[in-house]
Structures are given as C-alpha cells and as structure tokens.
Amino acid sequence: MNPAAEVWEKVKALMSAEMTATTLNTWFDDAEALALEESRFILYSPTKFKQEIITTRYLPPIRKALHELFSADFQVTVLTEGERNAAVKNKTGSFLPGTEEYTFDRFVVGSSNKFAHAAARKAAENPGLSYNPLFIYGESGLGKTHLLYSIAHTIHGDHPDYKIIYVKGDAFTNELIAAIREGRNQEFRDKYRGADVFLMDDVQFIAGRDSTQEEMFHTFNTLYELKKQIVFTSDRPPKEMLRLEDRLKTRFEWGLLADIVPPDYETRTAIIKSKAIRMGMELPDYIIQLIAETITANVRQIEGTVNKIMAFQDLNGDKVDKNTVIRAVKDIFKEKSDILPTADVIIQEVCNFYNLEPPLLRGQGRSKDISLARQIAMYQIRRMTNLSLKEIGAEFGNRDHSTVLNAINRIEDLVKIDPEKAEIIKDITTNINSRYE
C-alpha cells in the first residue's frame with residue numbers, strides 16, 4: 001500500500017466516529033488516495049457526481065482527520081476521470097492544482113467579478129509583464145481561489161517548463177517555522193525564490209508574524225526583480241491589514257488591486273445555469289430564479305444548493321420543484337449553522353496562530369504570550385460554542401468561572417480599543433470557520 005493510501009485508510013477510520021457506515025460506503029467506497037503532498041491531500045473519485053458531493057459536503061471532516069493525524073492543516077483536492085493525470089508534479093517540481101473545475105472557461109463572469117477576472121486573464125497570458133503583483137481581494141466564497149487556479153492552469157499550458165508555486169498564507173508560515181526548526185532555511189528559500197509563478201491564497205494570515213513577513217519581503221523582492229509573476233488573494237485590501245508591515249503593504253500595492261463583491265442577480269442566475277449544465281441537470285427557469293433570489297451573497301452556497309438538488313433527484317428520485325429548492329436551501333444553511341466548533345478545535349487554532357502547543361495553553365504557564373493566547377481561547381470558546389463558564393474553565397485545568405469571566409471581559413475590552421487585537425480575533429475566527437466550510 002502506498003503512503004497516501006495508508007493515510008486514507010486512517011482518515012476513513014477517524015471519520016467513522018462521526019459518520020454512519022452508510023454515508024462512508026455511499027460516498028467513499030470507491031474513492032482512491034492519489035498523493036500526499038507537503039500540505040495537500042489528493043483524492044480520486046470515479047464519478048463527477050460523487051466528486052461534487054465530496055467537495056461540497058465532506059472536505060471539513062477529511063481535513064479534520066488529516067489534522068488529527070499530522071497536527072497540520074492540509075488542502076484536499078478531489079479529482080475525477082480526465083483530471084487525475086493533471087495531479088502530478090511537473091518536471092520543475094511545482095504543484096499544479098489538478099481539478100479542471102477551476103479554469104477560466106468555468107468561471108462565470110458578471111459585473112461583480114468582471115474586473116478581477118480580466119486582470120487575472122491578463123496576468124496569466126503575460127506572466128510577469130502585466131499587473132505584477134496582482135492582488136485580488138473579497139469575502140470568502142466569491143471565487144478568488146478559482147481565479148488563482150485558473151492562472152496556474154493557463155500559465156502551465158502556455159509554459160509547461162515554468163515552476164508554479166501555490167501556497168496558502170498560513171501554510172507558508174507553518175512551512176517556514178518547520179524549516180527554521182529543522183535547519184532547512186536555504187531549502188525553503190530556494191523553493192519559493194526559485195518560482196516562475198508565485199500564487200499565495202489568503203495572504204492576510206502572514207500579517208503580524210515577524211519572521212514570516214521578513215521572509216515574504218525578501219521572497220517578493222527576489223521574484224519581482226526577476227519579473228516573475230506574483231498573485232495574492234485576501235479577504236481585505238492591504239491598507240486594511242493593520243498588522244502587516246508598511247513595506248509589504250507598499251509592495252502589495254505596486255501592481256494592481258482587484259476586488260470581487262457578492263454576485264448580482266444576473267450573475268447568480270448564470271452561475272446556477274452553468275453548474276446545472278455541467279452536472280447534466282436541466283432546471284426550469286422558475287427554479288433557477290427561486291435559487292438566485294434566495295441565496296444572494298456566496299457563490300459556494302449557490303453551487304452547494306445545486307449539488308443538494310442533484311442529490312435529492314439522483315438518490316431519492318425526487319422531482320425538482322419549489323419544495324425541493326426550499327429543502328435544499330434549508331439544508332445548506334442548517335449544515336453550517338448546526339456545526340459548532342469544539343473547544344479542542346478553537347484551542348488548536350489559537351495555538352496555531354501563536355505557534356504554541358495546546359498543553360501550554362491548558363496548563364499553568366503565566367508568561368505574557370501564553371496568558372494572552374489563553375484568554376483569547378476562552379473568549380472564542382464563549383463566543384462560538386454553547387459551553388458554560390464552568391465548562392470552559394474545565395478545558396483549562398479546572399480554572400474557576402470568575403477567572404474565565406475576567407479573561408473574556410479583558411478580551412472584549414481589548415477588541416473595542418485595540419484594532420490590531422480585533423484583527424487577530426477576526427483572523428482566528430476565520431481559521432476556525434474554515435474547518436467547517
């Protein structure tokens with residue numbers, strides 16, 4: 001058995017604690033693990049329908065299981081027929097996102113994303129020469145990652161010898177920490193400064209991290225001077241990253257800033273039609289209109305609703321009508337709202353942010369950094385779970401409820417008067433929520 005297959009068996013065993021045997025067999029019985037990269041796990045599913053369901057519904061438990069196994073965050077890519085051959089390292093050693101789902105041809109363009117789409121195409125067609133760096137920002141679920149992958153596919157098609165590096169901001173940080181700890185600094189620098197195309201998703205997560213920002217500064221300068229294409233995505237523009245060094249803010253703004261906003265009604269309608277056609281499903285106009293009128297802010301939720309309707313139709317033989325749409329929409333929002341993060345997940349994400357180990361946070365350490373991180377964890381658990389003060393205290397060595405309450409009040413006060421602390425809370429919250437997307 002190859003290493004990826006062994007990991008996949010362990011992942012399924014962990015998921016079995018939270019899923020029924022029927023669910024596991026229905027969606028994962030013929031799934032195959034293709035590769036385990038540095039921070040990416042690649043699966044293969046033989047049918048497009050199963051790939052869609054796994055991608056839209058089951059990535060969080062897969063990522064959670066991988067995190068339990070490796071104490072690190074992994075991106076999970078699910079491929080199907082015609083896509084698996086793309087999920088290989090090219091001869092330069094760079095990873096090219098494998099799924100054909102994320103190409104320019106499959107990106108639905110509307111007034112909300114037209115500018116960002118055009119800029120991304122231009123950068124892909126003239127790497128290093130047009131809009132360098134390109135900085136795309138907007139809320140989660142609007143297509144930023146889709147554009148990054150599209151750039152990678154286009155450049156790889158035109159320049160197959162180019163070394164294309166894709167990385168998320170937090171993964172870049174974690175990899176740097178590991179390189180420093182293991183004495184592989186030069187190897188790390190060679191990897192990123194030797195790229196022909198450097199794509200970073202969620203760059204906001206490097207803000208406030210001194211060593212990461214220092215490394216990014218030099219990596220950026222090297223690539224920019226060599227006219228290598230640089231593309232960043234973020235949930236906010238550089239000027240709103242309060243903890244980002246000014247020298248990086250300036251460099252991120254050297255090229256072109258392009259924002260993506262929630263899609264308008266016409267774009268939502270086009271997205272629904274495109275998704276349904278790709279899934280081989282014909283939806284009546286009034287059904288398309290109903291979905292477009294109900295879900296207004298998030299492309300990912302729109303596509304998830306279409307997937308849900310497809311599941312009702314294929315698995316239950318349900319007729320697609322108004323009640324089917326209402327049920328699908330209700331399930332999409334229910335799935336998200338019903339999943340509350342656990343105290344363990346929140347503590348782990350706070351520790352990831354501050355580069356600490358959970359036992360330190362749960363223990364009696366009183367250093368300034370540990371105390372602040374512990375208080376933030378208590379504050380986040382109170383905000384994001386239904387645990388009582390006593391139950392929260394039990395997570396941290398049975399501290400009494402007054403200690404927990406004082407910690408929560410302190411962070412509440414800090415958030416009101418300290419914009420940087422408020423930004424930290426926002427980033428940690430985003431990381432926690434991303435576990436369940």
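In what follows, residues are counted from 1 in the order of the sequence shown. Keep in mind that this is a model prediction, so the values were computed, not measured.
To the nearest 0.5 angstrom, I136 atom CD1 is 6.0 Å from L148 atom CG.
Take F172 and apply the ring-ring contact (aromatic ring centres under 6.0 Å, His included) test, not counting sequence neighbours, and it matches F188, Y192. By the ring-ring contact (aromatic ring centres under 6.0 Å, His included) test, F353 is found to be paired with no residue, residues two or more places apart in sequence or in another chain being considered. Every residue was checked against the ring-ring contact (aromatic ring centres under 6.0 Å, His included) condition with Y131, not counting sequence neighbours, and none meets it. Checked against side chain to side chain contact (heavy atoms under 4.5 Å, CB included), S274 has the following partners two or more places apart in sequence or in another chain: V108, R278. With sequence neighbours excluded, the residues satisfying salt bridge (charged side-chain N to carboxylate O under 4.0 Å, His left out) with R184 are E182, E187. In this structure D210 satisfies the salt bridge (charged side-chain N to carboxylate O under 4.0 Å, His left out) test with no other residue, sequence neighbours excluded. Scored by the salt bridge (charged side-chain N to carboxylate O under 4.0 Å, His left out) test, R209 finds no partners at all (sequence neighbours excluded). For D170, there are no salt bridge (charged side-chain N to carboxylate O under 4.0 Å, His left out) partners at least two apart in sequence or on another chain. Looking at residues two or more places apart in sequence or on another chain, you find a side chain to side chain contact (heavy atoms under 4.5 Å, CB included) between A292 and Y265, R268, T269, I272. Remark: Y224 engages F220, W254 in a ring-ring contact (aromatic ring centres under 6.0 Å, His included) (not counting sequence neighbours).
Using the six-membered ring where Trp is involved, W27 and Y58 have ring planes that are tilted, between 30° and 60° apart.
Pairing each heavy atom of I425 with each of Q380, the nearest pair is O-NE2, 3.7 Å. The two atoms that bring M216 and I206 nearest to each other are CG-CD1, 3.8 Å, heavy atoms only. Counting all heavy atoms, side chain and backbone alike, E68 lies closest to L14 at OE1-CD2, 3.6 Å. For the pair A377 and I346, the tightest heavy-atom approach, listed with the atom from each and the gap, is O-CG2, 4.0 Å. A pairwise comparison of heavy atoms in I370 and L361 identifies O-CD1, 3.9 Å as the closest pair. In plain terms, the two heavy atoms of V11 and A65 that are nearest each other are CG1-CB, 3.8 Å.
Side-chain contact between T173 and F205: absent, with no pair of heavy atoms (C-beta onward) separated by less than 4.5 Å. Inter-residue side-chain proximity for P263 and L142 is flagged as met; some heavy-atom pair is nearer than 4.5 Å. Looking at L372 and K421, their side chains come closer than 4.5 Å, going by heavy atoms from C-beta outward. Taking the side chain as every heavy atom from C-beta outward, I230 and L199 never approach each other to under 4.5 Å. Contact annotation: the side chain of E18 approaches that of K64 to within less than 4.5 Å [non-hydrogen atoms, C-beta and beyond]. Using a 4.5 Å cut-off on side-chain heavy atoms (C-beta onward), L34 and L43 make no contact. A 4.5 Å side-chain heavy-atom check between P358 and Q348 finds at least one atom pair inside the cut-off. Within the 4.5 Å cutoff, no side-chain heavy atoms of T233 are placed close to those of V203.
Residue pairs meeting the ring-ring contact (aromatic ring centres under 6.0 Å, His included) criterion with at least one member in residues 395-425, sequence neighbours excluded, do not occur.
Salt-bridge check for K239 with E253: failed, with every basic side-chain N at 4.0 Å or more from each acidic carboxylate O. In summary, R236 and E423 engage in a salt bridge, as defined by a charged side-chain N under 4.0 Å from a carboxylate O. Salt-bridge annotation for E240 and K249: absent, with no side-chain N of the basic residue lying under 4.0 Å from a carboxylate O of the acidic one. Salt bridge D369/R374: absent, no basic N to carboxylate O contact under 4.0 Å. Between D202 and K144 there is no salt bridge, since no side-chain N of the basic residue sits under 4.0 Å from a carboxylate O of the acidic one. Residues K50 and D30 are paired through a salt bridge, judged by an N-O separation under 4.0 Å between the basic side chain and the carboxylate.
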Mind running side-chain hydrogen bond (donor to acceptor under 3.5 Å, both in side chains) on D264 and S111 for me, showing each step along the way?
-> CA-CA 7 Å; D264 58 21; S111 59; 2.5 Å; yes

Run the side-chain hydrogen bond (donor to acceptor under 3.5 Å, both in side chains) check on E391 and S388 step by step: do they pass?
-> CA-CA 5 Å; E391 289 169 329; S388 66; 3.3 Å; yes

Quiz: residues 404-413 side-chain donor-acceptor pairs under 3.5 angstrom, not counting sequence neighbours:
from: N406; atom 1: ND2; to: S402; atom 2: O; distance (Å): 3.2
from: N409; atom 1: ND2; to: L405; atom 2: O; distance (Å): 3.3
from: R410; atom 1: NH1; to: Q375; atom 2: OE1; distance (Å): 2.4

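For the residue pair Y137 and D235, no side-chain donor N or O sits within less than 3.5 Å of a side-chain acceptor on the partner. For the 3.5 Å distance criterion, the side chains of T430 and D427 fail to qualify, holding no donor opposite an acceptor. In the model, D190 has a side-chain atom that pairs as donor or acceptor with a side-chain atom of Q186 under 3.5 Å. Side-chain atoms of T23 and T20 include a donor-acceptor pair closer than 3.5 Å. Between the side chains of T77 and R40, at least one donor-acceptor pair of N or O atoms lies under 3.5 Å.
Side chain of H67 to main chain of F74: no donor-acceptor pair is present (N/O by atom type, distance under 3.5 Å, no hydrogens or angles). Looking only at distances, a side-chain donor or acceptor of R382 sits under 3.5 Å from a matching main-chain atom of L387. Formation of a donor-acceptor pair under 3.5 Å by the K163 side chain with backbone atoms of K191 is found in this model.
Aromatic pair F107/H117: centroids less than 6.0 angstrom apart.
Counting heavy atoms of neighbouring residues, nucleotides and ligands inside a 6.0 Å radius, atom CD of E139 does not exceed 12 of them. Summarising the local packing, CD of E214 is surrounded by more than 12 heavy atoms from other residues, nucleotides or ligands at distances under 6.0 Å.
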